[in-house]
Amino acid sequence: MSEGLGRHRLGPRNPRETQGPQISRAPSRPGPGHGGPAAIRLVWVYPDLLSTYGDRGNLLMLARRARLRGIGVEIVEVNSDQRVPVDGDIYLLGGGEDLPQVLAARRLRADGGLTAAADRGAVIFAVCAGYQIIGAEFGGPEGEPVPGLSLLDIRSGRGDRRGVGEVTADVDPALGVERLTGFENHQGVTRRGPDVKPLATVLTGVGNGDGTEGACHGRVVGTYLHGPVLVRNPSLADLLLSWVAGPLPAIDPRQEDLVLKLRRERLAAQSSPA
């Protein structure tokens, strides 16, 4: 439903059923003096099923921007044969193709860890297939409805046209995030419930299919944008970090050169005549 570049037969399930998540621990360092955590725990959910188009870059971007501010980071990568821990701070889901998306949704519903984490106020950030999974329902390989996790009151189905290409979108001003840039490759159409706000208003591209892009409610955020989207949009990465660590100090501008250059290039390309 999301990337939908073909139906791939899944290989055998990883036999390491009893092994726990892979953990990379950074030394815990004091937060930036505002009472935030000594270390932020980032949980990358099901990279074996949901990790297309370099979406793991979102994890790396959050870790980098935290560490540049002197905030320790603990990275937990949880494959689909492992339990999702409930004590993370920020959970990330990436994109995936039709059958892996259905399998991921089924296992996450049975596991219950991501839902429990959301219930205790953890930040959830989901991209494309992951975005659809955290909703109430999405379309399966034949268009059949597949139940999601209902972390957001959204429902996704198959649209008449495929959204492929660059996207720019203006974020809800209340979030204080700069204009989004990213790329999409999906045929999903997403409808929001009455209490769920769009993440942004589309300027170029398809997004949800109704002139909006993504959705957010509380600390749960979803988007169709790849890029990776947090690399292209550091202010969105900082918003997620601030929900855990509180107000963030500025980063040395010399550490931002490549990110800002990428943003300028992508935004300029979208504003240029066709």
Asp238/Arg69 salt bridge by N-O under 4.0 Å criterion: yes
Working note: Arg65 + Glu256, criterion salt bridge (Lys or Arg N to Asp or Glu O under 4.0 Å); need CA distance, chi angles, decisive distance, verdict. CA-CA 10 Å; Arg65 295 187 73 79; Glu256 300 270 46; 2.8 Å; yes
Would you say the ring centers of Phe183 and Tyr53 fall short of 6.0 Å from each other? yes
Flag the pair Lys197 / Thr212 as yes when at least one side-chain heavy-atom distance between them is below 4.5 Å, and no otherwise. no
Start with the C-alpha gap between Thr190 and Tyr224, add the side-chain angles, then the distance that decides, and say whether side chain to side chain donor-acceptor pair (under 3.5 Å) holds. CA-CA 10 Å; Thr190 296; Tyr224 276 115; 2.6 Å; yes
Distance (rounded to the nearest 0.5 Å) between Leu230 CG and Leu92 CG: 7.0 Å
In this structure, CG of Leu151 is separated from CD1 of Ile133 (nearest 0.5 Å) by 10.5 Å
Exercise: do Asn208 and Tyr131 side chains pair donor with acceptor under 3.5 Å: yes
Test item: Pro198 and Asp172 side chains (from C-beta on) under 4.5 Å apart, heavy atoms: no
Under 4.5 Å between any side-chain heavy atoms of Val221 and Ile124, yes or no? no
Do Val259 and Met61 have side-chain heavy atoms sitting under 4.5 Å apart? yes
With a 3.5 Å cut-off and no angle check, do the side chains of Asp55 and His226 form a donor-acceptor pair? yes
Just do the side chain to side chain donor-acceptor pair (under 3.5 Å) check on Glu213 and Thr223 with the steps written out, would you? CA-CA 7 Å; Glu213 205 305 294; Thr223 178; 2.6 Å; yes
Taking atom CG as the centre, does Asp257 end up with more than 12 heavy-atom neighbours from other residues, nucleotides or ligands that are less than 6.0 angstrom away? yes
pair Leu180-Val171: side-chain heavy atoms closer than 4.5 Å: yes
So with a 6.0 Å cut-off around CZ of Arg161, is the heavy-atom count from everything else above 12? no
Are Leu108 and Val45 packed together at the side-chain level, in the sense that at least one heavy-atom pair is separated by less than 4.5 angstrom? yes
Is a donor from one side chain sitting under 3.5 angstrom from an acceptor on the other, for Asp48 and Ser80? yes
